[in-house]
Amino acid sequence: MCSTKILGCRASSSVVVEKLHLSSALRRLILLSYTSSWFSLFLHNCVLVCRNRQTDELSGTDIVSMTPWLAPVVWEGTFDSILIDSIFKQQNITIATTVFALGKYTRFLKDFLESAEEHYFVGFRVHYYLFTDQPGEVPEVKMGENHHLTVRSVPSMDRWQDISMGRMEILEKLIKNELASEADYIFCLDVDTKFYGRWGVESLGRLVGVIHPWFFDYPRDQFTYERRPESQAFIPAGEGDYYYTAAAFGGSLADVHHLTKTCREQLNIDAANSIEAIWHEESHLNKYFLYNKPNKLLSPEYLWRDISISAAQVKIIRFSHVAKNNEEVRPNF
Ligand code: UDP
Ligand code: GAL
Ligand code: MN
């Protein structure tokens with residue numbers, strides 16, 4: 001039996017992936033499969049059988065590429081970028097992308113936007129919604145084809161925790177009031193970040209969570225979930241699947257609307273009870289994902305700690321937090 005401590009998952013066996021090489025015949029078959037759901041399921045299983053091997057023991061550098069509820073975990077080597085791009089090119093999708101830059105965090109915008117334009121959904125329609133209290137500080141960044149940026153003013157706030165948590169309500173309203181006819185998917189990203197590699201359509205799904213870069217190889221009992229029963233974000237010992245970051249999440253408009261609305265409601269209940277969850281909206285997001293399982297997970301390649309730190313499992317860093325001096329950039333410490 002596999003080690004159940006890996007990634008805190010409850011799998012009785014884990015699927016370990018090796019580099020996937022699809023022949024052109026197989027590619028054609030997969031394209032064909034999009035016309036038949038039965039055939040698609042059959043083919044999907046064939047591909048899995050081809051590319052996965054069951055192991056009794058996971059070694060230190062193996063990766064888990066499937067959750068116990070059969071959601072894929074996206075790592076380098078688990079998808080064919082040319083194939084998946086060609087499939088999604090047939091649909092005219094738009095990916096709304098939200099980012100907040102209040103106070104001194106406007107300094108992160110240039111690198112964030114410039115690097116996104118190099119790596120983020122290149123060749124697909126992207127609409128960034130940038131929320132800031134200083135629209136005059138937004139740098140001029142040339143947008144690629146079919147990429148657009150809309151700047152929205154929001155009021156300043158005195159506590160970084162309130163800025164971070166307040167995103168849920170703004171996102172909830174944006175999706176409900178404006179995005180229905182504008183976009184198909186949405187990703188909500190931290191701004192103190194930079195792209196270094198491809199982030200593309202392989203990341204799309206109904207509800208998508210990103211595994212937190214510090215906890216992907218930790219046992220569940222060390223996850224920093226909210227442990228006080230008084231908080232709506234409470235997760236009891238022994239519960240939970242993964243520890244997800246709040247610095248990146250996404251999915252369909254309907255699913256992310258439900259997520260942001262639920263987190264906003266739970267945050268409000270906590271505030272009324274004078275309690276703030278240990279990691280703010282991230283604690284509520286983790287509670288949400290426990291009861292509303294994401295149907296796709298992104299590996300820590302999609303939100304790494306800092307470009308200068310490496311780990312054997314992470315072959316490519318696509319998106320990473322940048323080093324920042326919290327004391328200097330935050331309005332309170
Ligand atoms: N944020 C902001 N101004 C602030 C504090 C936070 O714009 O003064 C936004 C910004 O988008 C940031 C996010 O809230 O990326 C989350 O805060 P932070 O990155 O400080 O949290 P951490 O990732 O360090 O836990
Ligand atoms: C930190 C991160 C926080 C929070 C925390 C969870 O590394 O900066 O935002 O995610 O981990 O333990
Ligand atoms: Mn951050």
Side-chain angles (χ1 to χ4, degrees), residues 7 9 11 15 17 20 30-31 33-34 37 40-41 43-45 47-48 51-52 63-98 116 119-127 171 175 179-180 182-189 195 197-213 216 241-263 285-286 288-303 318-319:
L7 294 189
C9 79
V15 181
V17 74
L20 172 62
I30 289 178
L31 279 171
S33 78
Y34 274 73
S37 56
S40 167
L41 190 65
L43 205 60
H44 176 74
N45 286 334
V47 171
L48 284 181
R51 79 176 200 214
N52 296 328
I63 54 163
V64 173
S65 64
M66 191 79 85
T67 69
W69 60 94
L70 300 182
V73 187
V74 183
W75 294 87
E76 178 69 357
T78 62
F79 64 94
D80 180 321
S81 55
I82 294 169
L83 170 65
I84 198 160
D85 279 350
S86 72
I87 292 166
F88 277 87
K89 273 274 147 93
Q90 295 165 24
Q91 308 165 29
N92 191 22
I93 52 163
T94 299
I95 301 103
T97 302
T98 61
H119 301 291
Y120 185 71
F121 287 105
V122 175
F124 291 87
R125 302 174 69 85
V126 170
H127 195 149
L171 296 175
I175 299 169
L179 295 191
E182 294 291 318
D184 303 281
Y185 295 96
I186 181 167
F187 272 107
C188 312
L189 306 175
F195 291 86
R198 172 196 164 102
W199 179 318
V201 292
E202 73 283 358
S203 66
L204 296 175
R206 187 180 53 71
L207 185 61
V208 182
V210 181
I211 300 171
H212 193 293
F216 73 96
D241 307 296
Y242 298 87
Y243 189 81
Y244 303 94
T245 178
F249 58 88
S252 74
L253 296 184
D255 283 80
V256 179
H257 180 257
H258 189 252
L259 178 160
T260 51
K261 179 171 184 289
T262 308
C263 288
L285 179 81
N286 274 279
Y288 185 85
F289 279 153
L290 173 57
Y291 294 105
N292 304 266
K293 304 283 193 221
N295 76 326
K296 183 174 279 186
L297 271 65
L298 304 182
S299 70
E301 295 167 3
Y302 289 81
L303 195 270
R318 304 170 189 281
F319 185 52

Aromatic contact, Tyr288 with His258 (centres under 6.0 Å): yes

Glu182 vs Thr94 side-chain heavy atoms within contact, under 4.5 Å: no

Atom pair CG (Leu290) and CG (Asn286), whose distance is rounded to the nearest 0.5 Å: 8.5 Å

Lys89 and Phe124: CA distance, side-chain angles, deciding distance, side chain to side chain contact (heavy atoms under 4.5 Å, CB included) verdict: CA-CA 8 Å; Lys89 273 274 147 93; Phe124 291 87; 3.9 Å; yes

Tyr302 vs Ser203, side chain to side chain donor-acceptor pair (under 3.5 Å): CA-CA, chis, key distance, verdict: CA-CA 9 Å; Tyr302 289 81; Ser203 66; over 6 Å; no

Phe289 and Asp241: CA distance, side-chain angles, deciding distance, side chain to side chain contact (heavy atoms under 4.5 Å, CB included) verdict: CA-CA 9 Å; Phe289 279 153; Asp241 307 296; over 6 Å; no

Step-by-step side chain to side chain contact (heavy atoms under 4.5 Å, CB included) determination, Thr98 to Ile186: CA-CA 8 Å; Thr98 61; Ile186 181 167; 4.0 Å; yes

Main-chain N/O of Arg198 paired with Arg318 side-chain donor or acceptor, under 3.5 Å: yes

Spatial distance of atom CZ (Phe88) from atom CG (Leu83) [nearest 0.5 Å]: 10.5 Å

Leu253 side, atom CG; Arg206 side, atom CZ - distance, nearest 0.5 Å: 13.5 Å

Nearest non-hydrogen partners of Ala71 and Leu297, listed with the distance: CB-CD1, 4.4 Å

Flag side-chain contact, heavy atom, 4.5 Å: Val208 against Leu298: yes

Closest approach of Val64 to Val73 (non-hydrogen atoms, all atoms of both residues): O-CB, 3.5 Å

Crowding at NZ, Lys293 (>12 non-hydrogen neighbours, <6.0 Å): yes

Check: Phe121 and Ile93 side chains under 4.5 Å, non-hydrogen atoms: no

Side chain to side chain contact (heavy atoms under 4.5 Å, CB included) assessment of Leu189 paired with Thr97: CA-CA 7 Å; Leu189 306 175; Thr97 302; 3.8 Å; yes

Expected output: side-chain Trp199 to main-chain Ala116 donor-acceptor under 3.5 Å: no

Where Leu285 and Thr245 come nearest, the two heavy atoms and their spacing: CD2-O, 3.3 Å

Within-4.5 Å side-chain heavy-atom neighbours: Pro294 and Tyr244: yes

Atom of Pro300, atom of Trp75 and distance for their closest heavy-atom approach: CD-CH2, 3.7 Å

Heavy-atom donor-acceptor pair, Asn295 side chain to Leu207 backbone, under 3.5 Å: yes

Short side-chain to backbone donor-acceptor contact, Lys296 and Glu202, under 3.5 Å: yes

Any donor-acceptor pair under 3.5 Å from Ser299 side chain to Val74 backbone: yes

Parallel, tilted or perpendicular, as decided by the 30° and 60° cut-offs, for the rings of Tyr120 and Phe195: tilted

From Ile95 atom CD1 to His127 atom NE2, the distance as rounded to the nearest 0.5 Å: 12.5 Å

Heavy-atom check, side chain of Phe249 versus side chain of Val210, under 4.5 Å: no

